[in-house]
Amino acid sequence: EVAVRRGAGPWGRPDKIGERNARGPAAAVAPDGTALVAYQGYVGTTPAIRVTQWRDGGWQAPRSISSPGVGARQPQIAVDGAGQITVAWLRDGDGLNSTMTVATGDGRGNWTTPQSISSAARVSRPRLSVAVDGTAALVWQRDRPAEVWGSVRRDGIWSTPTRLGEAGVDGREAAVAVRGGGRADAVWVTDRTGSAEITTAQFTAGRWQGPVALDRGSDRAHEIVRPGRADTGPAIVQLPDATVAAWSIFTPNRSRVRAAQRPDGQPWPAPIDLSAAGAPAGGVALAQMPGAVATAAWEEIDAGFLRARSE
């Protein structure tokens with residue numbers, strides 16, 4: 001289901017937009033206010049990527065944009081300043097292998113032929129970011145061994161996929177944020193023997209540079225005791241003159257939420273704690289707000305209660 005809110009007005013009633021067993025929705029909003037949702041639906045018994053948009057007060061009939069007869073999963077969607085829509089997903093291959101696949105649309109129902117931008121492997125967890133000028137960045141996790149890979153689109157061409165972390169060292173749960181002019185930043189969790197690191201890399205001057213460690217804990221982030229599940233991966237956003245990352249990491253006694261902000265042209269500073277001292281916290285999310293402001297939100301245990309906090 002999906003609900004729409006216009007400006008500061010109230011939320012509209014929830015609408016059902018997917019068929020039975022639909023899952024994995026991802027949402028974006030175009031510059032003209034059109035809301036878009038991509039999700040994994042089905043054509044017959046084959047998983048397919050379906051896209052719908054909210055226009056003139058209602059949701060249009062979903063349309064399949066993945067290749068007919070080929071399984072497709074885990075969509076991501078984003079829109080640039082001209083209204084061009086980019087959708088990325090996993091295209092099923094032989095056995096357990098998949099390829100990272102993308103397609104673009106013009107908002108009027110016209111879509112490009114799906115393009116695979118990676119070789120076949122056991123891949124998962126794609127994350128997509130698109131800038132106003134159409135620059136796009138895509139990161140994903142490649143399994144066995146666990147590695148973070150990334151690609152950047154400039155002038156309509158995707159770069160050759162690159163492993164972002166160290167060879168032979170596990171990396172997972174990546175996030176990415178892109179800025180115009182062909183620049184992007186990725187952040188992920190690096191697993192080491194007896195510890196875990198929050199690691200970042202930057203795409204600039206036509207290539208990925210790094211990795212650089214932002215923080216280290218005794219273990220990767222633990223999901224705090226709660227109903228349901230929360231994402232334990234890091235988050236990252238671009239401001240006009242800085243990059244902001246936030247994450248949860250486990251120290252000897254608890255999981256805490258931390259963050260760092262790097263001004264353009266400078267190295268990453270030491271991180272600061274966002275969560276309260278002594279309170280288990282996790283499930284962090286970041287959003288870029290008007291006025292060059294980043295807002296973080298996370299879950300935190302407070303006096304035995306699970307609370308959502310922001311800063």
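Note: hydrogens, waters and symmetry copies are ignored here, and every other heavy atom, side chains too, is used.
- When all heavy atoms are compared, the tightest approach of A260 to P271 is CB-CA, 4.2 Å.
- Contact check for F203 versus V176: no side-chain heavy atoms found under the 4.5 Å cut-off.
- A side chain to side chain contact (heavy atoms under 4.5 Å, CB included) with R73 is found for exactly one of P126, S124, P47, namely P47.
- L239 and L286 end up in the same hydrophobic cluster when Ile, Leu, Val, Met, Phe, Trp and Tyr side chains are linked at under 4.5 Å.
- Here the side chains of I65 and P114 are not in contact, with every heavy-atom distance at 4.5 Å or above.
- The environment of R108 atom CZ is sparse: at most 12 non-hydrogen atoms of other residues, nucleotides or ligands sit within 6.0 angstrom.
- With values rounded to the nearest 0.5 angstrom, W208 atom CH2 is found 8.0 Å from T162 atom OG1.
- The nearest pair of heavy atoms linking W140 to I117 is CZ3-CD1, 4.5 Å.
- The one candidate from L128, D80, I77 that meets the side chain to side chain contact (heavy atoms under 4.5 Å, CB included) condition with T86 is L128.
- Contact annotation: the side chain of T199 never approaches that of E166 to less than 4.5 Å [non-hydrogen atoms, C-beta and beyond].
- Side-chain heavy atoms closer than 4.5 Å link hydrophobic residues (I, L, V, M, F, W, Y) into clusters, and following such links, possibly through other members, connects I272 to V257.
- Rounded to the nearest 0.5 Å, atoms CG (L90) and CG (N97) are 11.5 Å apart.
- Interatomic distance, M100 CE to S116 OG, rounded to the nearest 0.5 Å: 9.0 Å.
- Ion pair R179/D264 flagged as a salt bridge, since at least one NZ, NE, NH1 or NH2 atom sits closer than 4.0 Å to an Asp/Glu carboxylate oxygen.
- Sparse packing is recorded around CG of D94, with 12 or fewer heavy atoms of other residues, nucleotides or ligands lying under 6.0 Å away.
- Contact record, A136 with W158: CB-CH2, 3.8 Å, taken as the closest heavy-atom pair.
- Of all the heavy atoms in R216 and I249, the pair that sits closest is C-CD1, 3.6 Å.
- Between the side chains of S98 and R91, no donor-acceptor pair of N or O atoms lies under 3.5 Å.
- No continuous path of hydrophobic side-chain contacts links V212 to V148 [ILVMFWY only; heavy atoms under 4.5 Å].
- One finds the OG1 atom of T34 at 8.5 Å from the CD atom of Q60 (value rounded to the nearest 0.5 Å).
- A distance of 5.0 Å separates CD of Q76 from CZ of R127, quoted to the nearest 0.5 Å.
- Judged by distance alone, with hydrogens and angles left aside, the side-chain atoms of S66 form a donor-acceptor pair with the main-chain N or O of I49 at under 3.5 Å.
- The environment of CG in D32 is crowded: more than 12 heavy-atom neighbours from other residues, nucleotides or ligands sit within 6.0 Å.
- For the residue pair V284 and S248, the shortest heavy atom distance occurs at CG1-N, 4.1 Å.
- In this structure, R256 contributes its side chain and L274 its backbone to no donor-acceptor pair below 3.5 Å.
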Go through the steps for S151 and W149 under the test side-chain hydrogen bond (donor to acceptor under 3.5 Å, both in side chains), then give the verdict. CA-CA 7 Å; S151 177; W149 286 66; over 6 Å; no
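- Remark: the backbone N or O of G134 is not paired with any side-chain donor or acceptor of Q84 at under 3.5 angstrom.
- Atom CH2 of W188 sits about 10.5 Å away from atom CD1 of I198, to the nearest 0.5 Å.
- Of the possible donor and acceptor atoms, none in the side chain of E147 sits under 3.5 Å from a partner among the backbone N and O of R142.
- In this structure a side-chain-to-backbone donor-acceptor pair under 3.5 Å is missing from E197 to R192.
- Between Q53 and V51 the shortest side-chain heavy-atom distance does not fall below 4.5 Å.
- Minimum interatomic distance between G81 and P31 (heavy atoms only, all atoms of both residues): O-CG, 3.4 Å.
- S129 places a side-chain N or O within 3.5 Å of a backbone atom of V178 that can act as its donor or acceptor partner.
- Following chains of ILVMFWY side-chain contacts shorter than 4.5 Å, one cannot reach V139 starting from V123, and the two form parts of different hydrophobic clusters.
- Through direct or indirect side-chain contacts shorter than 4.5 Å among Ile, Leu, Val, Met, Phe, Trp and Tyr, W59 is connected to V2, V4, I17, V37, Y39, W54.
- Hydrophobic clustering (ILVMFWY, side-chain heavy atoms < 4.5 Å, transitive): V130 and V152 are in distinct clusters.
- The closest side-chain donor-acceptor pair between Q141 and D143 falls under 3.5 angstrom.
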